[in-house]
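For ligands, and for the atoms within them, numbers begin at 1 and follow the listed sequence.
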Amino acid sequence: MRLAVFGSPVAHSLSPRIHGLFARQCGLQVDYRAIEASAATFAGLVRTLAEQGARGCNVTVPFKQAAWELAARSSEEATRARAANTLVFEPDGTWYADNTDGPGLVDDLAARPGCRLAGARICLLGAGGAAAGILGALLRVRPARVVIANRTLERARQLAERHADLGTLDTCSPVEIGARAPFELLINSTSAGHDGVAPALAPEWLAPSGLCYDLNYGSAAEPLRLACERLGIAYSDGLGMLVGQAARSFQLWTGQRPDAAAVLADLRRQH
Ligand SMILES: NC(=O)c1ccc[n+]([C@@H]2O[C@H](COP(=O)([O-])OP(=O)(O)OC[C@H]3O[C@@H](n4cnc5c(N)ncnc54)[C@H](OP(=O)(O)O)[C@@H]3O)[C@@H](O)[C@H]2O)c1
């Protein structure tokens, strides 16, 4: 089965390795490649892949919105996010778009002993593409409320408006988080870690046994991981979400649900 991930930059993507491990688990032959694209070449490269008989592809930054716009049909998750991380090339020649980031995050959180999302108070830091991709799935597990805190408040408000029918949502700027605390779960979806910066954080924002979950992983996760360590806050990076979203994509293409926990353990051993 032919598959790929499109992005820019994409050379360091872990997706080929993750899907290779899934394929081995499931006894499937999979040729999964990372393909560098630009705004000018993205649509054409996806079309070529589909014409070559591929089953689908993953799409990462900065093409998730373009991927959603290319598809004839899309899941509710992708429609709300206005972005897709997965395309399925259907046998009739049409393309189906889904966004598995949110379910991947929820799967990873649900696998943690003692982590209860139903009824939890959640603060979502950031209102960019990743926040849009996870908000619908978060609200579907019925938290008590979700507060979206973003540097650009208007972006948080627009995201909240698109999801207002799914649950109790509030928005604020990061300096106002303290007035809305405490939270059982603080999710960092900002890209600040890529610049070596951790978003501002205070221990009193977290309820006792609260968790700070960072969508970042690898070196981009280091600033917040170190800040949490310093402040005595429980922390998780987003590697489990990466594997979780990949497992959901793999299932869409193959009909088989791989063992994400085994692949995550494998990656952690080597990082
Ligand atoms: N684990 C996974 O599977 C997974 C999946 C998807 C994404 N991610 C990670 O999630 C992160 C966000 O991706 P994205 O696609 O949402 O990016 P994006 O669309 O560019 O959004 C970036 C967000 O970060 C905020 N931000 C950037 N620099 C900041 C700073 N110095 N201080 C405070 N806020 C800052 C932006 O605020 P403004 O709106 O004010 O600019 C915006 O809310 C990336 O680091 C990405 O690697 C991980």
Min N/O separation Arg151 to ligand 1 under 3.5 Å: yes

Tell me: protein heavy atom nearest atom 19 (O) of ligand 1, and distance? Gly129 N, 2.9 Å

Does even one non-hydrogen atom of Val197 get within less than 4.0 Å of ligand 1? no

Top protein contact for atom 37 (O) of ligand 1, by heavy-atom distance: Asn150 OD1, 3.2 Å

Verify whether one side chain among Gln270 and Arg17 offers a donor that lies under 3.5 Å from an acceptor in the other. yes

Interfacing atoms of ligand 1 (cut-off 4.0 Å, heavy-atom, Gly238): 1 (N)

Specify the protein heavy atom at minimum distance from atom 25 (C) of ligand 1: its residue, its atom name, and the distance to 0.1 Å. Thr190 CB, 3.7 Å

Residues Thr254 and Arg55: side-chain donor-acceptor under 3.5 angstrom: no

Run Asp92 and Thr94 through side chain to side chain donor-acceptor pair (under 3.5 Å) and show every step you take. CA-CA 6 Å; Asp92 66 2; Thr94 61; 2.7 Å; yes

Does either side chain, that of Asp237 or that of Tyr213, offer a donor lying less than 3.5 Å from an acceptor on the other one? no

Taking 4.0 Å as the limit for heavy-atom contacts, which would you say applies to Asn216 with ligand 1: side chain only, backbone only, both, or neither? side chain

Under a 4.0 Å threshold between the charged nitrogen and the carboxylate oxygen, would Asp107 count as salt-bridged to Arg257? yes

Look at atom 14 (P) of ligand 1 and say which protein heavy atom is nearest, naming residue and atom and giving the distance to 0.1 Å. Ala130 N, 3.5 Å

What I want to find out is whether Arg225 reaches Glu229 closely enough, with some N-O distance under 4.0 Å, to be called a salt bridge. yes

Quick note on ligand 1: atoms under 4.0 Å from a heavy atom of Leu215 include exactly 1 (N), 2 (C), 4 (C), 10 (O), 48 (C)

Quick one: pull up OG in Ser13 and NE2 in His19 and give me the separation to the nearest 0.5 Å. 8.0 Å

As an exercise, identify every atom of ligand 1 less than 4.0 angstrom from a heavy atom of His194. 44 (C), 45 (O), 47 (O)

Ranked by distance from atom 12 (C) of ligand 1, the top protein heavy atom is Ser189 O, 3.1 Å

Specify the closest pair of heavy atoms between Leu169 and Ala160, including all atoms of both residues, with the distance to one decimal. CD1-O, 3.5 Å

State whether a side-chain donor-acceptor pair under 3.5 Å links Ser15 with Asn58. no

Counting heavy atoms only, name the option from Gly126, Gly133, Ser191, Pro199 that's nearest to atom 24 (O) of ligand 1. Ser191

N/O to N/O below 3.5 Å, does that happen between Val61 and ligand 1? no

shortest atom 21 (O) of ligand 1-to-protein heavy-atom contact is with Gly128 CA, 3.5 Å

Determine whether Thr86 and Asn99 make a side-chain contact, defined as any pair of heavy atoms from C-beta on separated by less than 4.5 Å. no

Lys64 to ligand 1: N or O pair under 3.5 Å? no

Any N or O of Gln245 that comes nearer than 3.5 Å to an N or O of ligand 1? no

Tell me the closest heavy-atom pair linking Glu184 and Ala207, and the distance in Å. OE2-CB, 3.9 Å

Just going by heavy-atom distances, which of Arg155, Gln65, Met241 is nearest to atom 4 (C) of ligand 1? Met241

Residue, atom and distance of the protein heavy atom nearest atom 40 (O) of ligand 1 read Thr152 OG1, 2.5 Å

